[in-house]
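Per chain, numbering begins at 1; letters A, B, ... match sequence-line order. For clarity, every value in this text was computed on a predicted model and none was experimentally measured.
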Amino acid sequence: MQGKALPGFRDFYPEELALRNHIFAVWRSVARRYGFEEYDGPPLEPLEIYTQKSGEEIVEQLYAFEDKGGRKVALRPEMTPTLARMVGERAQALKKPIRWFAIPQLFRYERQQRGRLREHFQLNMDVIGEAGPAADAEVMAAALDIMRAFGLGPAEVRLRISDRRVVVAKLRHSHHVAADELVPVLAALDKWERAPADSERLLTDALRADRARVRPVLEFMSGLRDGAAELRESAAAEPLNECVQRLGAMGLGPFVEVDFTIVRGLAYYTGIVFELFDQGRSLRAICGGGRYDDLIKAIAGVDLPCVGFGMGDVVLGELLKDRAKQPEAPAQLDAFLVAVSGEDVEPVLKLAHELRDQGVAVEYGLRHAAIRKQLELAAARGAPRAVIVGPDERAASEVVVRDLNAGTEEKVPVARLLNGFFR
RNA sequence: GUGGCUGUAGCUCAAUCGGUUAGAGCGCUGGACUGUGGCUCCAGAGGUUGCGGGUUCGAUUCCCGUCAGCCACCCCA
């Protein structure tokens, strides 16, 4: 034994690769239905494109090293900087709004847990060049239709939407939270449901232990879930409301919950944010995204509003396995050819090759063995039928076609077998 | 990077109080079965008990370390 794959990296055995391919196929199919074009970039990038926005500490979470030319490089942990560069470079030439998607393999150097490895594949869908909530609704609808395409409905998954601008407006105007206090206060909000004690400590520090200010903000946070209706009446909630309305018009309303406790990456998003969760929340977020209107300008110097999401294959794969929503493996073979006697081996080779030339998928036993052995292998391979070639059949220019599921047999002339039988 | 829990065959699990050569089912290979798979029966292969050290006459079992997995933290770009 040579040990296993590196921690957090996966070997894909055929069964696992089949699931991955199924996931990719659904992603591509829905993305294309929505008019998105696929792009890709290099898996290895200059380190700076990740540090310039997030600072040096992010290096700890990257696969970063120096290449033989002395360049500081990193395996990509996210797709957005690459996207920003690509779009920025051709910003004048591309017709807006741009609808692009990619399925990059991403890497991060972190301790792994369930649903969180050191590499994963992540669908990225982004609409670039449209600032209105119609674009937000469009990418969310795509994310939900992907769930539907996997057979997952509102009973299984939910989309939770927030708009940080609504929360921020309330915090600033009603609770007099200063601009430089916002980030720690939002961090406290992010923790509120998972770890109230930590959240309260964070909040107290953020507001400089001013009891008179801490208490109302605490009340505000604890009432956020039920107090959504009131917040949604504020002027700042207009984009969010339009987005929800559009999703409703598309018939996706049952999936949608407005939840102002959603915060997500603080350095990144500028408006509407959303997350897709399994009902019951036993897994991590399936998908997360939102609006990041300032990022392309920061990276590429071009002012283009963006909204998009990332959806990883790991949590999604766990969910599909948990819910038994894996696809049935389609038969790999059209037929398995069986040679009755040693004399039949060469005719089987000839027939196999003629069928393969026609695009028919066939296999035969590489070692001549008893018929029962050959049929056993045929069944194990999942072949829907066996084509049996023996001296008697050859004398009559026919073969016996055995339906391996039904156990029935019929005699078929070789000429017919080679002329449309498998079509 | 921090803390907690768990590591026995490909998989699911046994192994008495620390006691002989670590077992079973499934799976895999071969045979019973010479022109017909799934059933049944027989046999076989497969283990450094994660790894290293310690205690002991003797360690899968107890102790320490380490690695890996899981969980929480950090982070979620």
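In this view, A/Arg148 and A/Asp145 satisfy the side-chain hydrogen bond (donor to acceptor under 3.5 Å, both in side chains) rule, not counting sequence neighbours. Applying the salt bridge (charged side-chain N to carboxylate O under 4.0 Å, His left out) criterion to A/Arg20, with sequence neighbours excluded, gives no partner residue. Judged as a salt bridge (charged side-chain N to carboxylate O under 4.0 Å, His left out), and not counting sequence neighbours, the contacts of A/Arg71 are A/Asp67. In this structure A/Asp40 satisfies the side-chain hydrogen bond (donor to acceptor under 3.5 Å, both in side chains) test together with A/Arg76, sequence neighbours excluded. Remark: A/Asp180 engages A/Arg208 in a salt bridge (charged side-chain N to carboxylate O under 4.0 Å, His left out) (not counting sequence neighbours).
The P atoms of B/rU36 and B/rG31 are separated by 16 Å, rounded to the nearest whole Å. Comparing B/rU12 with B/rU2, their C1' atoms are spaced 34 Å from each other, to the whole Å. B/rC73 and B/rU16 are spaced 38 Å apart, taking the P atom of each and rounding to whole Å. The same atom, C1', is picked in B/rA59 and in B/rG54; the two are 11 Å apart, to the nearest Å. With both ends at atom P, the span from B/rG27 to B/rU61 equals 31 Å, rounded to whole Å. With P as the reference atom, B/rC17 and B/rC62 are 12 Å apart, rounded to whole Å. The same atom, P, is picked in B/rU66 and in B/rG1; the two are 12 Å apart, to the nearest Å. Across the C1' atoms, B/rG18 and B/rG58 are found 8 Å apart, a figure rounded to whole Å.
Between A/Gln105 atom CD and B/rA77 atom P the separation is 19 Å, expressed in whole Å. One atom, CZ of A/Arg284, and another, C1' of B/rC75, lie 10 Å apart when rounded to the nearest Å. For A/Gln61 and B/rC76, the CD to P distance is 7 Å, given to the nearest whole Å. If you measure from atom CZ of A/Arg111 to atom P of B/rC75, you get 16 Å, rounded to the nearest angstrom. Remark: P of B/rC76 and OH of A/Tyr292 are 17 Å apart, rounded to the nearest angstrom. For the pair A/Glu110 CD and B/rC70 C1', the interatomic distance rounds to 16 Å; values are reported in whole Å. Across the protein-nucleic acid pair, A/Phe107 atom CZ and B/rC75 atom C1' stand 19 Å apart, rounded to whole Å. Across the protein-nucleic acid pair, A/Leu123 atom CG and B/rA77 atom P stand 15 Å apart, rounded to whole Å.
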Should A/Val73 and A/Glu45 be marked as a side-chain contact (heavy atoms from CB on, under 4.5 Å) after you check the CA-CA gap, both sets of side-chain angles, and the distance that decides it?
CA-CA 6 Å; A/Val73 297; A/Glu45 289 276 18; over 6 Å; no

List the steps, then state whether salt bridge (Lys or Arg N to Asp or Glu O under 4.0 Å) holds for A/Arg356 with A/Asp334.
CA-CA 10 Å; A/Arg356 285 167 171 172; A/Asp334 294 307; over 6 Å; no

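Sorted by first then second residue, the salt bridge (Lys or Arg N to Asp or Glu O under 4.0 Å) pairs that include residues 122-141 of chain A, not counting sequence neighbours, are A/Arg99-A/Glu138, A/Asp136-A/Arg291. Identified under the side chain to side chain donor-acceptor pair (under 3.5 Å) test for residues 340-349 of chain A, with sequence neighbours left out: A/Ser341-A/Asp344, A/Asp344-A/Arg394. Applying the side chain to side chain donor-acceptor pair (under 3.5 Å) test to residues at least two apart or on different chains, the pairs with a partner in residues 362-389 of chain A are A/Glu363-A/Arg381.
Consecutive Watson-Crick or G-U pairing (both distances under 3.5 Å) extending over three or more pairs maps onto RNA chain B as B:1-7 with B:67-73, B:10-13 with B:23-26, B:28-32 with B:40-44, B:50-54 with B:62-66.
Residue contacts shown for A/Gly290 are absent, as no nucleic acid heavy atom lies under 4.0 Å away. Residue-level contact check: A/Pro81 touches neither bases nor backbone, having no heavy atom under 4.0 Å from any strand.
Comparing A/Gln113 and A/Arg116 along RNA chain B, the residue whose closest nucleotide (by nearest heavy atom) sits nearer the 5' end is A/Gln113.
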Acceptor/donor pairs from residues 400-408 of chain A side chains to any protein atom, 3.5 angstrom cut, sequence neighbours excluded:
{"from": "A/Arg402", "atom 1": "NH1", "to": "A/Glu409", "atom 2": "OE2", "distance (Å)": "2.9"}
{"from": "A/Asp403", "atom 1": "OD1", "to": "A/Asn405", "atom 2": "N", "distance (Å)": "2.9"}
{"from": "A/Asp403", "atom 1": "OD1", "to": "A/Ala406", "atom 2": "N", "distance (Å)": "2.9"}

Distances under 3.5 Å only, N/O to N/O: pair up the protein atoms with those of nucleotides 5-7 of chain B.
none

Polar pairs (N or O, both sides) under 3.5 Å between protein and nucleotides 36-43 of chain B?
{"from": "B/rU36", "atom 1": "O2", "to": "A/Arg402", "atom 2": "NE", "distance (Å)": "3.4"}
{"from": "B/rU36", "atom 1": "O2", "to": "A/Arg402", "atom 2": "NH1", "distance (Å)": "3.2"}
{"from": "B/rU36", "atom 1": "O2", "to": "A/Glu409", "atom 2": "OE2", "distance (Å)": "2.8"}
{"from": "B/rU36", "atom 1": "N3", "to": "A/Glu409", "atom 2": "OE2", "distance (Å)": "2.6"}
{"from": "B/rG37", "atom 1": "OP1", "to": "A/Arg372", "atom 2": "NH2", "distance (Å)": "3.1"}
{"from": "B/rG37", "atom 1": "N7", "to": "A/Arg402", "atom 2": "NE", "distance (Å)": "3.4"}
{"from": "B/rG37", "atom 1": "N7", "to": "A/Arg402", "atom 2": "NH2", "distance (Å)": "2.8"}
{"from": "B/rG37", "atom 1": "O6", "to": "A/Arg402", "atom 2": "NH2", "distance (Å)": "3.3"}
{"from": "B/rG37", "atom 1": "O6", "to": "A/Leu404", "atom 2": "O", "distance (Å)": "3.3"}
{"from": "B/rG37", "atom 1": "N1", "to": "A/Leu404", "atom 2": "O", "distance (Å)": "2.3"}
{"from": "B/rG37", "atom 1": "N2", "to": "A/Leu404", "atom 2": "O", "distance (Å)": "3.1"}
{"from": "B/rG38", "atom 1": "N1", "to": "A/Leu404", "atom 2": "O", "distance (Å)": "3.4"}

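Between A/Arg367 and B/rG30 there is a side-chain polar atom (N or O) within less than 4.0 angstrom of OP1 or OP2.
Checked for salt-bridge contact, A/Glu354 and A/Lys350 meet the test: a charged N lies under 4.0 Å from a carboxylate O.
Distance check: A/Ile272 CD1 to A/Cys243 SG gives 4.5 Å after rounding to the nearest 0.5 Å.
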